[in-house]
Structure formats: C-alpha cells, structure tokens
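Side-chain atoms are counted along with the backbone in the values below, which use heavy atoms only and exclude waters and symmetry mates. The sequence lines fix the lettering, A, B, ..., with proteins before strands; numbering per chain opens at 1.
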Amino acid sequence: MNPTPLQVSPELEHPWDLRPLDAMALQRRLRLLLEETPLENPPQVVAGCDASYDAPTGQAFAAVVLFELPSMREMERSVVQAPINYPYVPGLLSFREAPVLLQAMARIKRRPELLMFDAHGLAHPREMGLASHLGLLLDIPSIGCAKSPLVGTYDEPGLNRGDCAPLWLRGQVVGCVVRTRDKVKPVFVSVGHKIDLPQAIELVLSCCRGRKLPEPTRLADRIVGHARRSYKSSL
DNA sequence: GCGACAG
DNA sequence: ATCTTGTCGC
C-alpha cells in the first residue's frame, strides 16, 4: 500500500494535548512559518473539512470531502469517529479538533490542492486559527471560512452577493467579511496558508453555488451531522 | 476589572 | 458544537 498523501510534515509534528499557555506559545512559533503568498495555479481539487461533537458521549465525527474544480463534482470522502477530550477554548480550536480531522484526512487517497475549513485562519488572536494550523502542518494552501467572528472589527458589507468589508486587527487586515448571498448574513474569510486574501475570497465565492456556505464545507458539515445522528440512534 | 469569545 | 417549530420570502 502507498502512504497516505495527507500527512503532517515530520519536521512539524507536535503533541496536541498541550496546556493552554503552551498551546499559545506554539501558535506564536508556528505563525512565523505561515506564508500569505498567491496560489500558483488554479486548484483542481479542493477539500472541505469539518467536525461535529456529541457532548453526552464525548464522541466527535470528522469528514473530509474532495471536490473537483471547476465542475464541483465530488471525488472522494472520508468520515471518522473518535473521542475528544480537549475542551473548547476560544483561540485553541485546533487543539480540540485537529486530531480527529487529521484521522479523516489520513484516509483520503488523493492530495487536494486547497483546504477549506469551517473556522478562521489569520483572523485569530495570534493569527494561527485552525485553517492556518492544518494548512501549515500539511503544507497545503488553506482558507478559513467561518460563520461568525472571533477577533477584529469591521463594517457591515453591502447587501449584495460579492460585497466585502475588511476585517481589522491591530491595524492590519486579517480577513474579509463576505456576503456570499444577497441579504444573507455574511461569512468571515481569511487566509490560512500559502494563498492571498483576494484569491481566498474568490475561491469561496466560486464554491458557494447559490448557497451561503461553500459546498465543500457545507457537505462536510452535513456528513458529520448525519454520522452523529446515526451513531446516537444506534445506542 | 469587565466583557467577548471560531466550533 | 448542540438544544429546537414555525415562519417569512424568493
């Protein structure tokens, strides 16, 4: 058997069960390695990644779905279940969700050219959100597309699809509030790794297909939701 | 010190 | 994240 194409770069491997202060110190170190460079070529394979958690049982479900661009055809998917212990701490989401997400990624056969997450990238207290963290460890361009803000200030974007407003943090633009559907609550797009903001915004918009959320993460979200409900009804 | 706080 | 019904609008 061939090795999985989605593995953490050996030189960047690190434990996930870090105490908050150590986790934050690690984020500050990893931040120095992020690249906000434009994508070389248009991605032909994009991966949507998401996880869902069942508090009563402590079980989590993660899914990775590969889409071919620009056709938006699903190519492959993987779903896994695993217990989660790390608590939810704003700013430390990767330490809670990355382990199970990496398990789902390890089961994917094709290596995507872009990763999309239901989370932030640079729009994070230490500019190292989940999208940036995993993009860096896997060395794959990544985008954060969250449903609500974590940090930063912004003005409401226009009401039409495509309207944007910069997301500011300490005098810097760390992301963009993007209206992906007319008159619908906007999403928060930020660079994860190895891509620039204009391209991230364009790719999110091109993946929305008339929906508020990009199809890759939207489908991943539905898959983990089904997996969780299926699991609960089988108890 | 107080409030805010991805999923 | 999850708990939850109906309801408004295209």
Side-chain angles (χ1 to χ4, degrees), chain A residues 16 20 23-24 27 30-31 48-64 79-104 115-136 142-154 159-161 167-170 174-193 200 204 208-214 216-233 235:
Chain A
W16 292 101
M24 290 169 65
Q27 290 180 323
L30 296 178
R31 168 64 183 90
C49 319
D50 194 29
S52 102
Y53 177 69
D54 181 58
T57 61
Q59 294 299 302
F61 303 82
V64 174
V79 195
V80 299
Q81 172 184 346
I84 280 187
N85 294 305
Y86 207 88
Y88 169 67
V89 179
L92 300 182
L93 183 63
S94 31
F95 295 87
R96 174 174 168 78
E97 296 193 346
V100 60
L101 282 171
L102 286 171
Q103 284 187 45
L115 305 173
M116 292 192 52
F117 295 89
D118 244 313
H120 294 287
L122 293 179
H124 173 280
R126 291 163 293 285
E127 300 183 2
M128 187 47 72
L130 175 65
S132 294
H133 201 146
L134 287 181
L136 175 68
S142 63
I143 296 173
C145 182
K147 298 182 290 296
S148 64
L150 173 61
V151 294
T153 59
Y154 60 93
L159 299 178
N160 301 315
R161 167 183 162 81
L167 179 59
W168 296 87
L169 180 67
R170 306 178 205 117
V174 295
C176 192
V177 188
V178 184
R179 191 83 64 182
T180 51
R181 284 195 66 179
D182 291 1
K183 276 208 68 181
V184 168
K185 185 184 183 197
V187 297
F188 298 77
V189 178
S190 60
V191 166
H193 181 51
V204 165
C208 282
R209 288 293 179 87
R211 308 259 177 192
K212 169 189 173 181
L213 300 176
T217 50
R218 180 172 176 277
L219 180 54
D221 180 78
R222 291 190 56 191
I223 291 173
V224 292
H226 291 157
R228 187 176 61 76
R229 283 183 283 281
S230 166
Y231 167 72
K232 296 210 71 177
S233 63
L235 291 179

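A donor-acceptor pair under 3.5 Å is absent between the side-chain atoms of R228(A) and the main chain of A60(A), judged by distance alone. Using a distance-only test at 3.5 Å, with no hydrogens or angles considered, a donor-acceptor pair links the side chain of R96(A) to the main chain of Y86(A).
Between S148(A) and K185(A) the shortest heavy-atom distance is CB-NZ, 4.5 Å. Closest approach of V151(A) and H124(A) over heavy atoms only: CG2-N, 3.6 Å. Of all the heavy atoms in S132(A) and V191(A), the pair that sits closest is OG-O, 3.6 Å. Scanning both residues, V187(A) and K212(A), for their nearest heavy atoms gives CG1-O, 3.9 Å.
Among K232(A), Q59(A), R229(A), the single residue meeting the side chain to side chain donor-acceptor pair (under 3.5 Å) criterion with D54(A) is K232(A). A side chain to side chain contact (heavy atoms under 4.5 Å, CB included) with L167(A) holds for exactly one of L122(A), V174(A), T153(A); it is V174(A).
Residue contacts for R96(A): at a heavy-atom cut-off of 4.0 Å it reaches a base atom on one of the strands shown. Using a 4.0 Å heavy-atom distance criterion, P125(A) is classed as making no nucleic acid contact. Residue G144(A) is out of contact with every strand shown, counting any heavy-atom pair closer than 4.0 Å. Among the atoms of the strands shown, none is found under 4.0 Å from any heavy atom of L101(A).
The phosphate of dC5(B) (OP1 or OP2) has no side-chain N or O of S148(A) nearer than 4.0 angstrom. Residue K147(A) has no polar side-chain atom (N or O) positioned under 4.0 Å from OP1 or OP2 of dA6(B).
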I'd like a table of atom pairs between the protein and nucleotides 5-10 of chain C - only N or O on both sides, under 3.5 Å - with the distance next to each one.
none

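The aromatic ring of Y88(A) stacks onto the base of dG7(B), its centre lying under 5.5 Å from the centre of the six-membered base ring with the two planes under 30° apart.
As a whole-Å value, the separation of L169(A) CG from dA4(B) P is 18 Å. Atom CZ in R229(A) sits about 12 Å away from atom C1' in dT4(C), given to the nearest Å. Look at CG on D50(A): it is 8 Å from C1' on dG7(B), rounded to the nearest Å. If you measure from atom CZ of F95(A) to atom C1' of dG7(B), you get 15 Å, rounded to the nearest angstrom. Here the C1' atom of nucleotide dA6(B) and the NE2 atom of H124(A) are 8 Å apart, to the nearest Å. The distance between atom CG of L130(A) and atom C1' of dA1(C), rounded to the nearest whole Å, is 13 Å. Protein atom NZ of K232(A) is 14 Å distant from nucleotide atom C1' of dT4(C), rounded to whole Å. Atom C1' of nucleotide dA6(B) and atom CG of L167(A) are separated by 12 Å, given to the nearest angstrom.
In this structure, W16(A) and H133(A) have tilted ring planes: the angle between them lies in the 30° to 60° band.
Listed by residue number, the members of residues 52-61 of chain A with any heavy atom below 4.0 angstrom from DNA chain C are S52(A), Y53(A).
The side chain of R228(A) sits closest to dC3(C) out of dC3(C), dG7(B), dA6(B).
Applying the ring pair (Phe, Tyr, Trp, His ring centres under 6.0 Å) rule to Y231(A) yields the partners F61(A); only residues at least two apart in sequence or on another chain are considered.
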